[in-house]
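Input: a single structure, listed below in structure tokens.
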2 protein chains.
Amino acid sequence: MAFWEHGYEATSVSDLTRVMDIGAPSLYAAFGDKRSLFEEVVQEYGARYGSFGARALAEEPTARAGAARMLREAAAEYTAPGRPHGCLVVHAAANCSTPEVEESLRRRRNANIAEIKSRIEADVAAGVLPPDTDATALARHTGAMIQGMSQQARDGASRAELEALAEIALAVWPRA
Amino acid sequence: MAFWEHGYEATSVSDLTRVMDIGAPSLYAAFGDKRSLFEEVVQEYGARYGSFGARALAEEPTARAGAARMLREAAAEYTAPGRPHGCLVVHAAANCSTPEVEESLRRRRNANIAEIKSRIEADVAAGVLPPDTDATALARHTGAMIQGMSQQARDGASRAELEALAEIALAVWPRA
DNA sequence: CACATTTTATAGCGAGCACTAGAGAAATGT
DNA sequence: ACATTTCTCTAGTGCTCGCTATAAAATGTG
């Protein structure tokens with residue numbers, strides 16, 4: 001939560017020990033160092049809050065339906081009350097002076113886009129999407145949209161505003 | 001440049017004195033403190049690199065044409081060689097432990113979107129865009145797209161990839 | 001050239017950072 | 001009940017941060 005709200009660098013170890021209500025030595029005994037703790041937090045975040053996209057792509061019958069659900073759920077996830085707004089993976093390691101941490105989240109972001117791309121390609125191969133569909137660009141568009149929505153959520157956009165935005169973004173998909 | 005590449009927090013005063021090749025006291029005599037220097041840098045950035053959007057909206061005959069030029073130029077600007085990729089205003093104060101700095105850039109981002117919105121509303125009033133156009137959502141979509149493109153540029157997308165993405169995003173605009 | 005003024009460089013201020021050594025408390029096994 | 005092992009808390013490590021006092025150098029002026 002602290003990493004999510006304030007990012008990797010801006011969250012100090014004393015912030016962490018305070019919110020976890022443990023002493024610093026216990027934290028280091030349990031996680032090694034700050035970076036390892038962060039990686040574990042990211043993994044937990046990915047499993048609990050960041051998996052709606054992959055789930056949508058896997059469970060919906062078409063890439064378009066998957067992307068639609070993904071964008072709509074993003075609007076809800078990124079503005080959920082009681083949690084920091086936006087996506088940890090998008091924001092928590094921006095401007096990070098530890099390049100490894102920044103790179104780690106960058107890989108996650110690009111992997112998400114690659115997932116969308118391969119889902120699109122599967123639909124193209126199956127004839128669900130037109131054969132001239134530019135899977136790379138369409139996947140990147142969807143990824144950029146998600147990231148833009150996350151930024152908007154941080155900047156104060158409401159769930160309804162993000163949902164309206166998602167509906168607009170969905171209009172670019174070729175009709176099945 | 002240093003602020004642009006690494007962000008406000010991750011750029012230390014000694015980084016600044018090194019690249020500016022002056023001593024710390026000279027820097028403080030000239031700018032007051034780190035925050036004031038940053039604000040001046042942001043202003044200079046806005047005038048030099050961040051004004052392509054406002055120019056596009058002002059010079060093109062329609063909101064749609066303005067947004068089209070804005071997105072296409074963003075693809076070029078955000079991947080220009082010899083400069084940090086992406087937009088300073090989007091990234092330089094993410095995860096900032098100085099809330100005023102974060103808020104200052106947030107205001108700039110939201111002001112940009114408000115500009116797009118009022119340009120759209122002008123076209124709706126003039127009958128260039130359909131009267132049922134949701135100006136707020138369409139403006140936010142364009143802003144989110146720009147911000148998403150900036151993030152993509154930071155994550156390694158090429159100019160051509162961003163341009164393909166921009167063309168897709170333009171397809172959502174109501175036909176004139 | 002001598003002097004007054006500005007500019008610069010050195011060196012260091014207190015504070016907070018990530019991280020850890022060593023002492024004491026708690027828990028455990030017998 | 002006691003010894004031993006495990007944990008945990010206090011306190012402090014060296015480091016870098018933003019920022020500045022002081023003193024030397026450079027500059028302009030008669």
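Below, chains carry the letters A, B, ... as their sequence lines are ordered, and counting in each starts from 1. Quick note: numbers below take in every heavy atom, side chains included, and nothing from hydrogens, waters or symmetry partners.
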Among residues at least two apart in sequence or on other chains, which ones pass side chain to side chain contact (heavy atoms under 4.5 Å, CB included) with [X]?
{"X": "A:Val42", "answer": "A:Phe38, A:Leu88, A:Leu105, A:Arg108"}
{"X": "B:Ala153", "answer": "B:Tyr78, B:Thr79, B:His85, B:Leu162"}
{"X": "B:Glu73", "answer": "B:Phe52, B:Arg69"}

Go through the structure and list residues passing salt bridge (Lys or Arg N to Asp or Glu O under 4.0 Å) with [X], not counting sequence neighbours.
{"X": "A:Glu5", "result": "none"}
{"X": "A:Asp15", "result": "A:Arg18"}
{"X": "A:Arg83", "result": "A:Glu77"}
{"X": "A:Asp123", "result": "A:Arg119"}

In a table with atom names and distances, give each donor-acceptor pair under 3.5 Å that connects a side chain of residues 26-35 of chain B to protein atoms at least two apart or in another chain.
unit_1  : atom_1 : unit_2  : atom_2 : d
B:Asp33 : OD1    : B:Ser36 : N      : 3.0
B:Asp33 : OD1    : B:Ser36 : OG     : 2.7
B:Lys34 : NZ     : B:Tyr8  : O      : 3.0
B:Lys34 : NZ     : B:Thr11 : O      : 2.8

With a cutoff of under 4.5 Å between side-chain heavy atoms, which Ile, Leu, Val, Met, Phe, Trp and Tyr residues group with B:Val90?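 Noted: B:Val90 shares its cluster with no other residue.
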Along DNA chain C, 5' to 3', what are the outermost nucleotides having an atom less than 4.0 Å from a heavy atom of chain A? C:dC17 to C:dA21
Expected list for residues 3-33 of chain A near DNA chain D, using heavy atoms below 4.0 Å, is A:Gly23, A:Pro25, A:Ser26
Between A:Gln152 and B:Arg140, do the side chains contain an N or O donor and an N or O acceptor separated by less than 3.5 Å?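 On atom types as modelled, these side chains qualify, holding a pair under 3.5 Å.
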What are the bounds, 5' to 3', of the part of DNA chain D that sits under 4.0 Å from heavy atoms of chain B?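 Contact boundaries, 5' end first: D:dC17 to D:dA21.
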